[in-house]
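Working notes, beginning with the structure itself.
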2 protein chains.
Amino acid sequence: MSDSFQRDLLRGSLDLMVLSVLADEPQYGYSIQKQIRDVSQGRVDLKAGTLYPLLHRLESDKLIRSKWDDSTGRRRKWYELTKAGHNRLRSQAREWHSYVECIGQLLTPILPKLPKPA
Amino acid sequence: MSDSFQRDLLRGSLDLMVLSVLADEPQYGYSIQKQIRDVSQGRVDLKAGTLYPLLHRLESDKLIRSKWDDSTGRRRKWYELTKAGHNRLRSQAREWHSYVECIGQLLTPILPKLPKPA
DNA sequence: TCCCATGTGTAGTTCAGCTATACATAGGGC
DNA sequence: GCCCTATGTATAGCTGAACTACACATGGGA
């Protein structure tokens, strides 16, 4: 997940990925990074310089809210979805599916010519 | 297809869309724009200021080649895929499907909660 | 002691899609 | 004749998000 094609793919869907990871329970930055890496089998490995500014942006947009936890040696900033964040997640998920279908329409004639992926 | 979410989605997949439109036969800029608009039911409406620089970039990367047609009153620049362009189309289509599956994994727990789209 | 994983953060670069603008032709309505 | 729209290509400059590179700190294993 390091070439420019996939970097640009991220650009459109990274907000959606992070919001979906936060859908069920609060998480902190590092755990979000790990979960996305695990779910994607290592194909999506967010850099810290990508993730933290993103979280700050989502928070300033009031889609997530944060709370520091200093109870352990490791300071962690926990994030959870706001009401607006849940709404955004739903709408972006719908748009994502709509868009994927769009591209699918264009690729359908190409597909039969594609050799089976390993 | 005008908000910032979809603008960023485009960024990752626009090359793929244009290459796929050119897969079967040569086309010129305006016809590419129309075909993408039609296939997407108007959801993806490329601006001229997006399409033409993109075509120039694809050509400078030698993924497509062009030929002017001045035989009619309307000057048209026809584009067709090069060998490298066909290869790029195949590889990007594979990456696209892989990436879509990735996001799908993350969204799967969300899906049952999504109200049916109209 | 050293190194790595953990944990958060910022400064500056890159680059693609955007807006705005420019130019030109064909054809229909007034 | 004139205007407006669709057609057709093109460039200059703006914006914004993911990137690289760096900074700082703790915990635990070798």
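Every chain is numbered from 1 and lettered A, B, ... according to where its sequence line falls, protein lines coming before strand lines. What you are looking at is a predicted structure, and each value in this text was computed from that prediction instead of being measured.
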Next on the checklist: Holding to ring pair (Phe, Tyr, Trp, His ring centres under 6.0 Å), I want the full list of residues that pass it with Tyr28(B), two or more places apart in sequence or in another chain.
Outcome noted: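 With sequence neighbours excluded, Tyr28(B) shows a ring pair (Phe, Tyr, Trp, His ring centres under 6.0 Å) to Trp78(B), given in chain and number order.
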Checklist entry - With sequence neighbours left out, what residues match Ser71(B) under side-chain hydrogen bond (donor to acceptor under 3.5 Å, both in side chains)? => result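 So Ser71(B) forms a side-chain hydrogen bond (donor to acceptor under 3.5 Å, both in side chains) with Asp69(B).
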Checklist entry - By side-chain hydrogen bond (donor to acceptor under 3.5 Å, both in side chains), which residues pair with Asp38(A), not counting sequence neighbours? => result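 None.
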Which residues pass the salt bridge (charged side-chain N to carboxylate O under 4.0 Å, His left out) test with [X], sequence neighbours left out?
X	value
Arg74(B)	none
Glu101(B)	none
Glu59(A)	none

Next on the checklist: Quick one, Met17(A) and Leu10(A) - any side-chain contact, counting heavy atoms below 4.5 Å?
Outcome noted: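 In short, these two side chains touch, coming nearer than 4.5 Å.
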Checklist entry - So do the side chains of Leu58(A) and Leu22(A) get within less than 4.5 Å of each other, counting heavy atoms only? => result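 Side-chain contact under 4.5 Å: no.
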In this structure, how many angstroms lie between the [atom2] atom of [N] and the [atom1] atom of [X], rounded?
X	N	atom1	atom2	value
Ile32(B)	dG8(D)	CD1	C1'	12 Å
Leu16(B)	dG17(C)	CG	P	12 Å
Leu9(B)	dA16(C)	CG	P	17 Å
Leu55(B)	dA16(C)	CG	P	14 Å
Ile36(A)	dA18(D)	CD1	P	11 Å
Lys47(B)	dA22(C)	NZ	C1'	18 Å
Arg37(B)	dT7(D)	CZ	C1'	11 Å
Tyr28(A)	dG9(C)	OH	P	14 Å

Checklist entry - Under 4.0 angstrom, heavy atoms only, what part of the nucleic acid is Gly49(B) near: base, sugar-phosphate, or nothing? => result base
Checklist entry - OP1, OP2 of dT11(D) versus side-chain N and O of His56(B): anything below 4.0 Å? => result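 The answer is yes; a side-chain N or O of His56(B) sits under 4.0 Å from OP1 or OP2.
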Next on the checklist: Less than 4.0 angstrom between a side-chain N/O of Tyr30(A) and OP1 or OP2 of dT8(C), yes or no?
Outcome noted: no
Checklist outcome for this item: Per the under-4.0 Å heavy-atom filter, residues of residues 61-77 of chain A near DNA chain C come out as Trp68(A), Arg74(A), Arg75(A), Arg76(A), Lys77(A)
Just the table, please: protein N/O against nucleotides 13-15 of chain C N/O, every pair under 3.5 Å.
unit_1	atom_1	unit_2	atom_2	d
dC15(C)	O2	Arg11(B)	NH2	2.9

Checklist entry - Closest to the Ala48(A) side chain: dG8(D), dG9(C), dA5(C)? => result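 Among dG8(D), dG9(C), dA5(C), the one nearest the side chain of Ala48(A) is dG9(C).
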Checklist entry - What nucleotide, of dA6(D), dT8(C), dC19(D), holds the atom closest to the side chain of Tyr52(A)? => result dT8(C)
Next on the checklist: Per the ring pair (Phe, Tyr, Trp, His ring centres under 6.0 Å) rule, what does the pair list look like for residues 41-72 of chain B, sequence neighbours excluded?
Outcome noted: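 Pairs touching residues 41-72 of chain B that pass the test: none.
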Checklist entry - In terms of the nearest nucleotide of DNA chain D, which residue is placed more toward the 5' end: Tyr79(B) or Leu14(A)? => result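 Per heavy-atom nearest nucleotide, the more 5' residue is Tyr79(B).
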